[in-house]
Amino acid sequence: VESFLCLPFVPAASRPSVLAVRAFNVEVAKAADKASDIRIAEMRLKWWSGVIDNLVKMNPPEHPIADALCAALHSTDLDPDLLRSVIEWR
């Protein structure tokens with residue numbers, strides 16, 4: 001909620017990238033926290049790790065968050081290693 005409350009203070013041109021990173025964080029958190037089995041969580045996190053590798057090559061899978069992250073990655077100075085650290089932290 002607080003990230004959306006801060007959104008009006010983010011420059012309009014940066015909002016799509018900010019929302020993409022926020023959505024990615026939520027998706028990774030769900031993958032890790034909501035899985036009924038640790039192996040399922042690990043598979044989901046590994047999938048997202050592979051997605052980041054493909055984003056660098058501008059080859060995202062058909063997934064709305066991956067599409068938004070790809071646009072953010074290539075329109076800003078977003079470092080893919082920062083996205084990888086979100087996954088590793090989980």
Please answer: with hydrophobic residues joined when any side-chain heavy atoms are less than 4.5 Å apart, are Leu78 and Leu7 in the same cluster?
-> no
With side chains defined as the heavy atoms from C-beta onward, is the minimum distance between Asn54 and Pro60 less than 4.5 Å?
-> no
Same apolar cluster: Leu69 and Val18, side chain cutoff 4.5 Å = no
Work out which heavy atom in Pro16 is nearest to a heavy atom in Ala12; give both atom names and the distance.
-> CD-O, 3.6 Å
Heavy atoms of Arg15 and Pro8 approach each other most closely as NH2-O, 3.1 Å
Distance, nearest 0.5 Å, that separates CD of Glu27 from NZ of Lys30 | 4.5 Å
Closest heavy-atom pair, Ala41 versus Ala32, reported as atoms and distance to 0.1 Å, is CB-O, 4.0 Å
Does the pair Arg84/Asp53 count as a salt bridge with the N-to-O cut at 4.0 Å?
-> yes
Quick one: does Val26's side chain get under 4.5 Å of Ile65's, heavy atoms only?
-> no
Do Thr76 and Ser14 have side-chain heavy atoms sitting under 4.5 Å apart?
-> no
Should Trp47 and Ile87 count as side-chain neighbours, where that means a heavy-atom distance under 4.5 Å?
-> no
Shortest non-hydrogen contact from Pro61 to Val51?
-> CG-CG2, 3.8 Å
Interatomic spacing from CD in Glu88 to CG in Leu83 - rounded to 0.5 Å | 11.0 Å
Considering non-hydrogen atoms only, spot the tightest contact between Leu45 and Ala31 and give its length.
-> CD2-CB, 4.2 Å
Connected via hydrophobic side-chain network under 4.5 Å: Val21 and Val56 = yes
How many angstroms lie between CG in Leu73 and CG in Leu55, if you round to the nearest 0.5 Å?
-> 6.0 Å
Shared hydrophobic cluster, Phe24 / Val10 (ILVMFWY, side-chain heavy atoms < 4.5 Å) | no
